[in-house]
Amino acid sequence: MAFYLNDCGIVCAMGDGKQAVRAALLRGASGVQPTEACSPGRVLPLGLAAGAVLPSVAHLPLAQRSRNNQFALAALAQIRPAVDAAIARYGAHRVGVVIGTSTSGVGEAEAALAARAASGALPAGFHYGQQEMGAPALLLAQELGISGPALVHSSACSSGAKALASAARLIAMGACDAVVAGGVDTLCAFTVAGFSALESVSAVRCNPLSANRNGINIGEGAGLFLMSRQAAAVALCGWGESSDGHHMSAPDPEGGGARLAIGQALQRAGITPQQVDYINLHGTATQQNDAMEARVVASLFGAGVPVSSTKPFTGHALGAAAALEAALCWLLMQDDNPEGYLPPHLWDGAADPALPPLQVAAPGARLGRPLRYALSNSFAFGGSNAALLLGRLA
């Protein structure tokens with residue numbers, strides 16, 4: 001059974017909508033910019049979607065009024081015609097929602113607690129429900145008027161990938177005919193402070209695979225797909241998931257869980273490593289992640305397949321990261337990229353001699369033919385690993 005990705009909505013630091021994001025990606029225009037927005041008194045490069053036009057949530061119940069939900073609605077609006085057509089085709093009870101998120105409305109809680117510290121009372125505009133993890137799935141289901149399964153995955157960086165895998169399973173088991181699936185996460189000081197406490201935040205734009213890499217940039221965004229059995233240009237051909245539990249925040253240096261997830265994705269897709277045209281690396285630019293991932297990719301694929309990390313474009317969008325990166329692959333697998341231009345790897349070019357060599361995609365890199373199969377890796381805290389294999393089946 002094929003799990004087609006019929007349409008895609010995307011909002012991130014690079015832009016708002018498919019065309020804007022695709023254009024920024026191909027010209028190598030990073031959306032990561034220095035700001036004090038989430039770290040007062042300390043300038044940090046963040047992937048803020050500052051230019052996004054977000055819909056109002058004033059019409060929603062107080063519990064659903066969050067910036068995170070605004071991002072979800074903005075991405076939904078881009079695919080709403082396709083989703084409405086699916087609802088009309090299959091029925092509201094046959095359409096589901098699966099979302100990945102990491103923070104949900106924590107930003108609203110952060111602001112409310114600051115207000116209480118100053119005034120002694122929580123502000124009238126705060127409701128505890130704003131920070132519930134299930135909020136974005138509930139919102140989208142209610143907004144669409146559907147009654148199929150609605151759920152959220154919250155497994156840090158792998159959340160969006162697991163949401164897409166779950167959507168495919170819902171269709172495969174016959175519970176749904178179509179699913180709105182992806183991820184959404186928004187920035188706040190709480191998130192930036194947490195990663196800063198782990199000493200994993202870079203003071204400059206992140207530098208994946210470089211000998212000079214020194215940490216991540218945090219970002220935000222939303223990436224939503226309509227998945228169904230109706231034929232489209234690109235499908236989710238395979239996925240893999242593993243939980244190695246090596247460490248709360250550090251990856252297994254041998255990459256056992258990562259290797260297992262990638263192997264499952266290839267097996268489900270029924271292809272060999274040699275058939276993969278491009279790999280979107282998890283590529284956080286931390287010392288341990290890049291070392292582990294480079295070893296795994298080199299051992300499975302050799303140095304012949306082009307690779308890049310797109311986190312220097314978007315920042316690490318946490319629960320939305322895997323969905324955003326799948327969306328970037330999806331954009332370049334459409335019919336309007338017959339030359340197979342690839343997402344460039346933005347870095348200083350100083351390859352780490354301790355890592356196995358990989359074929360890093362330079363700006364302007366292209367296959368000279370359409371991109372057939374793309375692998376996207378996501379390796380989260382706690383050893384929650386996921387890999388997505390997107391393919392053109394036509």
Side-chain angles (χ1 to χ4, degrees), residues 7-12 16 49 52-80 83 87 92 95-111 126-167 170 176 178-188 190-191 218-227 314 316-327 378 380 386:
D7 205 353
C8 174
I10 182 170
V11 181
C12 66
D16 187 348
V53 178
L54 302 178
S56 171
V57 289
H59 66 290
L60 297 175
L62 188 58
Q64 295 181 346
R65 297 179 195 172
S66 70
R67 189 165 178 269
N68 209 58
N69 279 348
Q70 285 183 287
F71 271 67
L73 289 174
L76 176 66
Q78 298 172 25
I79 63 172
R80 187 66 186 263
V83 176
I87 294 170
V95 179
V97 179
V98 189
I99 302 298
T101 193
S102 184
T103 63
S104 194
V106 168
E108 279 64 36
E110 176 185 286
F126 175 68
H127 188 287
Y128 179 82
Q130 291 165 348
Q131 65 183 359
E132 291 182 352
M133 285 298 169
L138 177 63
L139 166 74
L140 293 180
Q142 292 178 347
E143 187 76 10
L144 292 168
I146 59 178
S147 55
L151 62 132
V152 159
H153 278 279
S154 188
S155 55
C157 322
S158 63
S159 302
K162 286 179 172 291
L164 288 166
S166 287
L170 286 173
C176 293
V179 182
V180 176
V184 56
D185 238 326
T186 42
L187 273 169
C188 61
F190 177 84
T191 302
I218 308 298
E220 65 180 1
L224 294 183
F225 293 92
L226 173 66
M227 182 186 296
T314 63
H316 188 341
L318 307 181
L324 286 179
E325 290 158 20
S378 300

Which heavy atom of Phe225 sits nearest to which heavy atom of Ile79, and what is that distance? C-CD1, 4.1 Å

Side chains of Thr191 and Asp185: closer than 4.5 Å at any heavy-atom pair? no

Can you tell me which residue pairs pass the salt bridge (Lys or Arg N to Asp or Glu O under 4.0 Å) test with a partner in residues 140-154, sequence neighbours excluded? none

Val57 vs Gln64 side-chain heavy atoms within contact, under 4.5 Å: no

So salt bridge (Lys or Arg N to Asp or Glu O under 4.0 Å) across residues 97-109, not counting sequence neighbours, yields none

Could you give the distance from NE2 (His127) to CG (Leu62), rounded to the nearest 0.5 Å? 6.0 Å

Considering non-hydrogen atoms only, spot the tightest contact between His316 and Cys157 and give its length. NE2-SG, 3.1 Å

Is Ser102 reaching over with its side chain to a backbone N or O of Ala156, donor-acceptor style, under 3.5 angstrom? no

Test applied, side-chain contact (heavy atoms from CB on, under 4.5 Å); reference residue, Val97; option that passes from Leu224, Val179, Ile146: Ile146

Ser66 side chain to Asn69 main-chain N or O, any donor-acceptor pair under 3.5 Å? yes

Nearest 0.5 Å, please: how far is CG in Leu151 from CG in Leu170? 6.5 Å

Min side-chain heavy-atom separation Asn68-Gln131 under 4.5 Å: no

Closest non-hydrogen atom pair, Val152 against Pro136: CG2-CG, 4.0 Å

Residue list, side chain to side chain donor-acceptor pair (under 3.5 Å) with Ser166, at least two apart or on another chain: His153, Arg169

How far apart are the closest heavy atoms of Ala150 and Ala141, and which atoms are they? CB-CB, 4.1 Å

With sequence neighbours excluded, give me every salt bridge (Lys or Arg N to Asp or Glu O under 4.0 Å) pair touching residues 70-79. none

Residue list, side chain to side chain donor-acceptor pair (under 3.5 Å) with Gln78, at least two apart or on another chain: Asp16

Got a sec, which residues hit salt bridge (Lys or Arg N to Asp or Glu O under 4.0 Å) with Arg67, two or more places apart in sequence or on another chain? Glu220

